[in-house]
Amino acid sequence: MIEVSHVSRNFGDFRAVNDVSFSIPTGQIVGLLGPNGAGKTTTMRMITGFLSPSEGSILIDGVNIAEKPVESKQKIGYMPESAPLYGDMIVEDYLRYIAEIHGQDPESKLELLCKECGLKEVMSKNISELSRGNRQRVALAHALMNDPEILILDEPTSGLDPNQVEDVRAIIREIGKTRTVIVSTHILSEVETLCSRAIIISGGKLVADSPIEELKDRFGHDINVKLLLDGDEEKITSALGKIDSVASVKKLAETEGHLLFSVSLKEEKEVRPAIAKTLCENGIDLYEMTIQKNSLEDVFHALTAATAESEAK
């Protein structure tokens with residue numbers, strides 16, 4: 001379990017992290033989100049012991065990392081965004097070297113990690129010759145070498161192609177069944193796919209910490225329907241505005257001779273049959289209708305934009 005209590009970190013006169021508190025139980029995959037410069041990486045480096053907090057405390061399974069750094073760090077695996085691998089080494093030699101550093105038996109650990117991280121086909125290759133995806137797998141094996149209870153991953157799928165992304169995500173899901181995992185990423189769909197909970201930091205402060213579905217309910221945009229139509233703009237706006245469940249009607253754009261409208265709803269209620277009937281009765285041609293639900297992206301923009309505006313004032 002990780003317990004971060006009122007942690008701040010200063011770099012000279014600049015406060016990168018400001019009074020951040022949260023706790024993460026064992027067996028949970030959590031997304032750590034925030035804009036560039038929000039304090040995510042600094043927070044992760046403090047949790048891993050690379051940096052010391054200027055204020056506050058961090059406990060790993062009840063042990064203060066500042067008081068017992070070696071004991072605490074033995075429980076943590078960390079994969080930074082640009083993993084520092086030795087490019088001139090063979091994968092197998094590199095992992096043996098890391099195993100020996102951690103005091104692990106190379107034979108048993110390499111066999112296990114080779115299977116867990118999907119490295120069988122590249123064990124005899126030079127690290128510098130590997131694809132970005134396979135380099136990430138090697139970095140992940142490195143982070144798992146000491147069989148950590150806590151795994152911290154900074155942009156684990158950055159720069160990967162779609163197939164490689166899904167492979168790495170599958171590995172993280174499997175790892176998350178028995179470990180605490182923190183995933184920091186700018187890919188919000190990845191957090192929705194992998195994580196049950198999101199922690200959002202903006203301007204060095206914690207602005208949200210909740211299960212993802214709760215965040216979307218609390219901070220997401222109103223439910224709306226997007227429509228691709230043919231017809232008179234004023235007639236469309238007037239007709240749709242008379243439907244009971246409709247809060248507002250807005251023209252978004254004109255594309256390929258069609259009009260794109262957004263219809264905001266007053267409540268989460270099935271309104272598509274009423275829209276279709278209204279359009280038909282008014283002689284308006286319907287080409288496409290799409291329900292747009294609350295997304296983590298909406299939550300992220302709402303919370304971080306509000307923080308940026310308050311700081312500007």
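Keep in mind that what you see is a predicted model, and the values were worked out from it rather than measured.
- Annotation: Arg272, atom CZ; neighbour count of heavy atoms from other residues, nucleotides and ligands within 6.0 Å does not exceed 12.
- Counting only heavy atoms from C-beta outward, the side chains of Val4 and Ser21 never approach each other to under 4.5 Å.
- Between Cys117 and Ile171, the closest heavy-atom pair is O-CD1, 3.8 Å.
- A continuous path of hydrophobic side-chain contacts links Ile243 to Met289 [ILVMFWY only; heavy atoms under 4.5 Å].
- Note that the OG1 atom of Thr237 and the NZ atom of Lys251 stand 9.0 Å from one another [nearest 0.5 Å].
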N/O donor-acceptor pairs under 3.5 Å from side chains in residues 29-42, not counting sequence neighbours:
{"from": "Asn36", "atom 1": "OD1", "to": "His186", "atom 2": "NE2", "distance (Å)": "3.0"}
{"from": "Lys40", "atom 1": "NZ", "to": "Gly34", "atom 2": "O", "distance (Å)": "3.0"}
{"from": "Lys40", "atom 1": "NZ", "to": "Pro35", "atom 2": "O", "distance (Å)": "3.3"}

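- Taking CZ of Arg179 as the reference point, atom NZ of Lys75 lies at 14.5 Å (rounded to 0.5 Å).
- Arg45 CZ: 12 or fewer foreign heavy atoms inside a 6.0 Å radius.
- Partners of Ser23 according to the side chain to side chain contact (heavy atoms under 4.5 Å, CB included) rule, which considers only residues two or more places apart in sequence or in another chain, are Met1, Glu3.
- The ring-ring contact (aromatic ring centres under 6.0 Å, His included) contacts involving residues 16-70 comprise Phe50-Tyr78, where partners must be two or more places apart or lie in separate chains.
- With rounding to the nearest 0.5 angstrom, the CZ atom of Arg9 is 5.0 Å from the CG atom of Leu51.
- Linking Ile, Leu, Val, Met, Phe, Trp and Tyr residues whenever their side-chain heavy atoms come within less than 4.5 Å places Ile2 and Val20 in a single cluster.
- The shortest heavy-atom contact between Cys114 and Met123 is SG-CG, 3.9 Å.
- Atom CD1 of Ile76 sits about 10.5 Å away from atom CD of Gln74, to the nearest 0.5 Å.
- Not counting sequence neighbours, the partners of Ser72 by the side chain to side chain contact (heavy atoms under 4.5 Å, CB included) test are Ile60, Val63, Ile65.
- Placement of Ile24 and Ile172 in two distinct hydrophobic clusters is found when ILVMFWY residues are connected by side-chain heavy-atom separations under 4.5 Å, directly or transitively.
- Annotation: side chain of Leu119 is not in contact with side chain of Leu110 (no heavy-atom distance under 4.5 Å).
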Q: Decide side-chain contact (heavy atoms from CB on, under 4.5 Å) for Val225 and Val246; before the verdict, give the C-alpha distance in whole Å, the side-chain angles of both, and the deciding distance to 0.1 Å.
A: CA-CA 10 Å; Val225 181; Val246 171; over 6 Å; no
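- Within a 6.0 Å radius of CD in Glu234, no more than 12 heavy atoms belonging to other residues, nucleotides or ligands are found.
- Using a 4.5 Å cut-off on side-chain heavy atoms (C-beta onward), Leu140 and Ile175 make contact.
- Contact between Met44 and Leu153 at its shortest, heavy atoms only, is SD-O, 4.4 Å.
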Q: Could you go through the side-chain contact (heavy atoms from CB on, under 4.5 Å) check for Leu59 and Ser5 one step at a time?
A: CA-CA 8 Å; Leu59 306 183; Ser5 180; over 6 Å; no
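- There is a path of hydrophobic side-chain contacts, each under 4.5 Å, that joins Ile236 to Ile275.
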Tell me which donor-acceptor pairs under 3.5 Å the side chains of residues 86-105 have, and how far apart each pair is, sequence neighbours excluded?
{"from": "Glu92", "atom 1": "OE2", "to": "Arg96", "atom 2": "NE", "distance (Å)": "3.3"}
{"from": "Glu92", "atom 1": "OE2", "to": "Arg96", "atom 2": "NH2", "distance (Å)": "3.2"}
{"from": "Tyr94", "atom 1": "OH", "to": "His142", "atom 2": "ND1", "distance (Å)": "2.7"}
{"from": "Arg96", "atom 1": "NH1", "to": "Glu107", "atom 2": "OE2", "distance (Å)": "2.8"}
{"from": "Arg96", "atom 1": "NH2", "to": "Glu107", "atom 2": "OE2", "distance (Å)": "3.2"}
{"from": "Asp105", "atom 1": "OD2", "to": "Ser108", "atom 2": "N", "distance (Å)": "3.3"}
{"from": "Asp105", "atom 1": "OD2", "to": "Ser108", "atom 2": "OG", "distance (Å)": "3.0"}

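- If you chain together hydrophobic residues whose side chains sit under 4.5 Å apart, Val181 and Ile199 never meet in one group.
- Under the 4.5 Å side-chain criterion, counting only non-hydrogen atoms from C-beta, Thr304 is in contact with Ile200.
- A salt bridge links Glu166 with Arg173; the closest basic N to acidic carboxylate O contact falls under 4.0 Å.
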Q.
Under the criterion side-chain contact (heavy atoms from CB on, under 4.5 Å), I'd like the reasoning laid out for Glu149 against Thr180: C-alpha separation, chi angles, the key distance, then a yes or no.
A. CA-CA 6 Å; Glu149 299 172 19; Thr180 301; over 6 Å; no
Q | Check against side-chain contact (heavy atoms from CB on, under 4.5 Å), Lys250 and Asn224 | A | CA-CA 11 Å; Lys250 181 181 179 182; Asn224 62 63; over 6 Å; no
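- Taking all atoms of both residues into account, the shortest heavy-atom contact from Val263 to Leu240 is CG2-CD1, 3.9 Å.
- The two atoms that bring Pro156 and Gln136 nearest to each other are O-NE2, 2.6 Å, heavy atoms only.
- Shown here for Asn146 and Lys73, the closest heavy-atom pair between the two residues is ND2-O, 4.0 Å.
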In residues 278-288, what donor-acceptor pairs under 3.5 Å come from side-chain atoms, sequence neighbours left out?
{"from": "Thr278", "atom 1": "OG1", "to": "Ala274", "atom 2": "O", "distance (Å)": "2.9"}
{"from": "Asn282", "atom 1": "ND2", "to": "Thr278", "atom 2": "O", "distance (Å)": "2.8"}
{"from": "Tyr287", "atom 1": "OH", "to": "Asp230", "atom 2": "OD2", "distance (Å)": "3.2"}

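- Counting heavy atoms from C-beta outward, Leu228 and Thr255 have side chains that approach closer than 4.5 Å.
- Proximity of Ser202 to Leu303: side-chain heavy atoms (C-beta onward) are nowhere separated by under 4.5 Å.
- With hydrogens and angles disregarded, no donor-acceptor distance shorter than 3.5 Å links the side chain of Glu256 to the backbone of His258.
- Atoms CD and OG, on Glu155 and Ser184 in that order, are 5.5 Å from each other to the nearest 0.5 Å.
- Here the CZ-OG distance, from Arg137 to Ser131, works out to 8.0 Å after rounding to the nearest 0.5 Å.
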